[in-house]
Undergrad: 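I'd like to ask you about the structure that follows.
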There are 2 protein chains.
Amino acid sequence: MSPIEYRRSKQRTRILELLNGTKKHPTAQLIYEQLKPDFPHLSLGTVYRNLNILVETGALRKLHYGSAFDRYDARMDPHYHFICSNCDRVYDFPLPPVKSLETKAGEITEHTIYSHKVDFFGICRWCKNRSS
Amino acid sequence: MSPIEYRRSKQRTRILELLNGTKKHPTAQLIYEQLKPDFPHLSLGTVYRNLNILVETGALRKLHYGSAFDRYDARMDPHYHFICSNCDRVYDFPLPPVKSLETKAGEITEHTIYSHKVDFFGICRWCKNRSS
DNA sequence: CTGGGTGCAAAATCTTTGCAGATCC
DNA sequence: GGATCTGCAAAGATTTTGCACCCAG
């Protein structure tokens, strides 16, 4: 099956415009509410559908991605993770995190920073070998 | 109301043991399935309840945390984020990401790394000032 | 015209919660 | 004994999907 050829729709255009015009990182619900006045019959389903298309075509990014399920980790020392985009496995990253980043980041942003999280994404060595 | 004083239960103990004994980062469903043979009447609700308690008491960590809703970002250039734990707002981080981290990380782990994500957590300057 | 797009509502997915009985201290 | 915990089932919360009609190219 050839990839779907998307057309243009007022709703999708406006969703993208809205996101391009804000520094916030709105949820689908919020976008829905913002556009509702202009599209009185707009439905949340349409917003989700279009957000997914826009992510798929590379116009948008989903934050807090990761798979649908929450995952749990009993290693409480700070450490980074690597997530395989093929098999969805989550691996601990074998290097200690850089705590000093937080101090630096706090100075720059003037926010109080308590922690940070680093995730690497790619194809793990097992999936890589399997496909070659 | 004083904080709840947790007791011990076989189910909770086993959930923690299971997580302490694995390098994987299982989902609630997976934990449920692993323990089911030993607790034939175990329910998913109990697993979730206990995971939440273990996170609350600091024995576990939830990966891919963030609020319940997905958020969307139209800025496609790589950049980091700061998330305020008080107001849940997500701020863009005003410094360019360190792409060379990926090369280095790839060498160490032997995975193929395409991207990485950094999130800082803390209290944003607005919430900080408001509460003082 | 034709195939993608929409609204609406139902379904699916993941997580939480109310309740009655069991369990821990 | 009393608060906590469990299983079960129902409810919540978030996202996806089926369908019939609408609209862009």
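So you know, we letter chains A, B, ... as the sequences are listed, proteins then strands, and number each from 1.
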Undergrad: Check this one for me: any side-chain N or O of N52(A) less than 4.0 Å away from OP1 or OP2 of dT16(D)?
TA: yes

Undergrad: Does T46(A) make a side-chain N or O approach to OP1 or OP2 of dT6(C) shorter than 4.0 Å?
TA: no

Undergrad: Excluding sequence neighbours, so at least two apart, what forms side chain to side chain contact (heavy atoms under 4.5 Å, CB included) with P78(B)?
TA: P97(B)

Undergrad: Quick one: R71(B) CZ to dT14(D) P, roughly how many Å, whole number?
TA: 12 Å

Undergrad: Which part of the nucleic acid, if any, lies within contact of Q29(B), taking any heavy atom under 4.0 Å across all strands shown: a base, the sugar-phosphate backbone alone, or nothing?
TA: nothing

Undergrad: Output the rounded distance in Å from CG (L63(A)) to P (dT14(D)).
TA: 17 Å

Undergrad: Report the residues that fulfil side chain to side chain contact (heavy atoms under 4.5 Å, CB included) with E33(B), sequence neighbours left out, ordered by chain and then residue number.
TA: Q29(B), L30(B)

Undergrad: Please report, rounded to the nearest Å, how far the C1' atom of dG2(D) is from the CD atom of E5(B).
TA: 12 Å

Undergrad: Do H81(B) and F93(B) have ring centres separated by under 6.0 Å?
TA: no

Undergrad: Measure the distance from CG on D70(B) to C1' on dT13(C) and round it to the nearest whole Å.
TA: 13 Å

Undergrad: Starting at CG of L35(A) and ending at C1' of dG7(C), how long is that distance when rounded to a whole Å?
TA: 15 Å

Undergrad: Quick one: is dC8(D) close enough that its OP1 or OP2 comes under 4.0 Å of any side-chain N or O from H41(B)?
TA: yes

Undergrad: Whole-Å distance between dC5(D) P and L42(B) CG?
TA: 15 Å

Undergrad: Donor-acceptor pairs are to be reported for all side-chain atoms of residues 51-58 of chain B against protein atoms at under 3.5 Å, with residues two or more places apart or in another chain.
TA:
from: E56(B); atom 1: OE1; to: Y6(B); atom 2: OH; distance (Å): 3.0
from: E56(B); atom 1: OE2; to: Y6(B); atom 2: OH; distance (Å): 3.1
from: T57(B); atom 1: OG1; to: I53(B); atom 2: O; distance (Å): 3.1
from: T57(B); atom 1: OG1; to: L54(B); atom 2: O; distance (Å): 3.3

Undergrad: When the nearest nucleotide of DNA chain D is assigned to K36(B) and to Y6(B) on a heavy-atom basis, which residue is associated with the more 5' position?
TA: Y6(B)

Undergrad: At under 4.0 Å, does any side-chain N or O of Q11(B) touch on OP1 or OP2 of dT23(C)?
TA: no

Undergrad: Using atom names, set out every protein N or O paired with an N or O of nucleotides 19-25 of chain D below 3.5 Å, distance rounded to 0.1 Å.
TA:
from: dA24(D); atom 1: N3; to: R7(A); atom 2: NH1; distance (Å): 3.4

Undergrad: Does S43(A) or A28(B) map to a spot on DNA chain C nearer the 5' end, using the closest nucleotide for each?
TA: S43(A)

Undergrad: Whole Å only: how far is the CD atom of E56(A) from the C1' atom of dG5(C)?
TA: 14 Å

Undergrad: Determine the minimum heavy-atom distance between P94(A) and T109(B), stating which atoms define it.
TA: CD-CG2, 3.8 Å

Undergrad: Which residue pairs pass the salt bridge (Lys or Arg N to Asp or Glu O under 4.0 Å) test with at least one member in residues 6-16 of chain B, sequence neighbours excluded?
TA: R14(B)-E17(B), R14(B)-D38(B)

Undergrad: Return each pair, listed once, that meets salt bridge (Lys or Arg N to Asp or Glu O under 4.0 Å) where at least one residue sits in residues 91-106 of chain B; pairs must be two or more places apart or across chains.
TA: R75(B)-D92(B), K99(B)-E102(B)

Undergrad: What nucleic acid atoms does F39(A) come within less than 4.0 Å of, heavy atoms only: base, sugar-phosphate, or nothing?
TA: nothing

Undergrad: Distance check needed: dT16(C) C1' versus I53(B) CD1, whole Å only.
TA: 12 Å

